[in-house]
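First comes the structure, then the notes that go with it.
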2 protein chains.
Amino acid sequence: MIKENKNDKSTEQKILEAAKQVFMEKGIDGARMQDIADKAGINKALLHYYFRSKEKLFEMIFMEEARKFLPKVTSIMVSELTLFEKVEKFVGEYIDTLLQNPLLPIFILNEINRNPKEAIKKIFGNQRPPIDKVDELIAKLVKKGEIKPIKGYELMVNMVSLCIFPFLARPMVQWVTKTTDEEFLKLMELRKKTVVKFVLDSIKK
Amino acid sequence: MIKENKNDKSTEQKILEAAKQVFMEKGIDGARMQDIADKAGINKALLHYYFRSKEKLFEMIFMEEARKFLPKVTSIMVSELTLFEKVEKFVGEYIDTLLQNPLLPIFILNEINRNPKEAIKKIFGNQRPPIDKVDELIAKLVKKGEIKPIKGYELMVNMVSLCIFPFLARPMVQWVTKTTDEEFLKLMELRKKTVVKFVLDSIKK
DNA sequence: ACGCGGTTTAACCATTTGGTTAAACACAAA
DNA sequence: TTTGTGTTTAACCAAATGGTTAAACCGCGT
């Protein structure tokens, strides 16, 4: 039988959590297996007993995090909501995700930079986001005179940019705005509304 | 006397260029001194003859690049232009800078993440961008009924986000939009206009 | 009591890597 | 010619690091 655990968390779980932290903070090249073992409260031998190599361990973590990075774009964009509602839902859910995973963006973008082909495959599978659908949706609303024309991909890129960037540049943003960690998070909380407003004000006619 | 050069570029220059490339692509942890020496067309001994350590070399490169990262925000924002002109100039010049230094954002953000205090000092000196001035400027225009209210820092963050993010996520953007390198650069060229429009449409009344 | 899988200890290994050193060389200026 | 600086060659070093191994330990279920 599998020895479930004498402690609260299983060892595997402790390792994964430690690895996630270390990889997110230092990147794969800066991370040390010893640090991960320490943070997990075990030793290097056991660490390798669970995950044969650094690469494999990183792989696991990346797979786990990759899914979070791509929000339910597709499901939201293909839903029956109006465009305005979609923007609101998209931004809200995305910033919520980032509030719970502040280091996710730099982690993912670094891996995309290091290993674009593989990383992108892991994030998207082989399904490109449905920008055509977005284009169609926009076209309709333009015809109805409700919004100004804008390319679908551009609307998407802009939304994502506005959501993610502050987290990427967090230390800079905090320095410029003289905010504490707590205040920064509050700002991002507010930002859920202001970004939606910013985007909608921009495209509304 | 200093032996100026038998070749076209001085050895120091060749090293700096090689180091820049390697550090930008691999990050400080992923970079190998040997790679830098190879790319510069010299050997490791000479590399260390010029720059005592990896840290020192990285320092040099970072200093050089840090200045580019912060566009002439201050000078533009304090200038006599109208807000609209400022936005246009800011975005235009920033994207131009990025077109010539596509890896600059990920390079700088990684260092900010690794070493926030020092990195920020090197980028900003001790001068925070004049967001107060921006707030004042906005307040005036709001009173005149020309624009909707928005916090100065938020306008700035939004502009910077929209400019930088596509370069950070370049492989993703290219995959989603099915564009070649050349086409991507053209998109960014166009983006100079569309971002300005996006921002101005958002704040104009 | 036994056996087995998780776990520790601790030594060990091979490789990579940043960095050093010393000798020889090339070449231009003095 | 001499001298000094830039440059190469090539060996070398020490530390860090990913990874392995073997022995012993511990606790649980049978």
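As a basis for the values below, the full set of heavy atoms in this structure was taken, side chains included, without hydrogen atoms, waters or symmetry mates. Just so it is clear: chains get the letters A, B, ... in the order the sequence lines come, proteins before strands, and each one is counted from 1.
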*asked:* Distance check needed: C:dA23 P versus B:L46 CG, whole Å only.
replied: 19 Å

_Can you see if the side chain of B:Y50 gets near the phosphate of D:dT7 - specifically, an N or O under 4.0 Å from OP1 or OP2?_
yes

*Could you tell me whether the side chain of A:S202 and the main chain of B:F198 form a donor-acceptor pair under 3.5 Å?*
yes

_Just N and O in the side chain of B:N43: are any of them under 4.0 Å from OP1 or OP2 of D:dT8?_
yes

*asked:* Suppose we call two aromatic rings close when their centres sit under 6.0 Å apart. Are B:F51 and B:F58 close by that rule?
replied: no

*Should the pair A:K192-A:D96 be classified as a salt bridge under the 4.0 Å nitrogen-to-oxygen rule?*
yes

*d(NZ, B:K54; P, D:dA16) in whole Å*: 15 Å

*asked:* It should be established whether B:R32 places a side-chain nitrogen or oxygen under 4.0 Å from OP1 or OP2 of nucleotide C:dG18.
replied: yes

*In whole angstrom, what separates A:L47's CG from D:dG18's C1'?*
10 Å

_Salt-bridge present (B:K68, B:E65; N to O < 4.0 Å)_ = yes

*How close or far is atom P of C:dT7 from atom CD of A:E12, stated in whole angstroms?*
11 Å

*Counting only side-chain N and O atoms of B:Y49, is one of them less than 4.0 Å from OP1 or OP2 of D:dT7?*
no

*Is A:T11 near enough to C:dG6 that one of its side-chain N or O atoms lies under 4.0 angstrom from OP1 or OP2?*
no

*asked:* Whole angstroms only, please: what is the CD-P distance between B:Q34 and D:dT8?
replied: 12 Å

*Contact class for B:A37 (heavy atom, under 4.0 Å): base, sugar-phosphate, or nothing?*
nothing

*Presence of donor-acceptor pair under 3.5 Å, side chain of A:K44 and base of D:dG19*: yes

*Of the nucleotides C:dT8, D:dA10, D:dT20, which has the atom closest to the A:H48 side chain?*
D:dT20

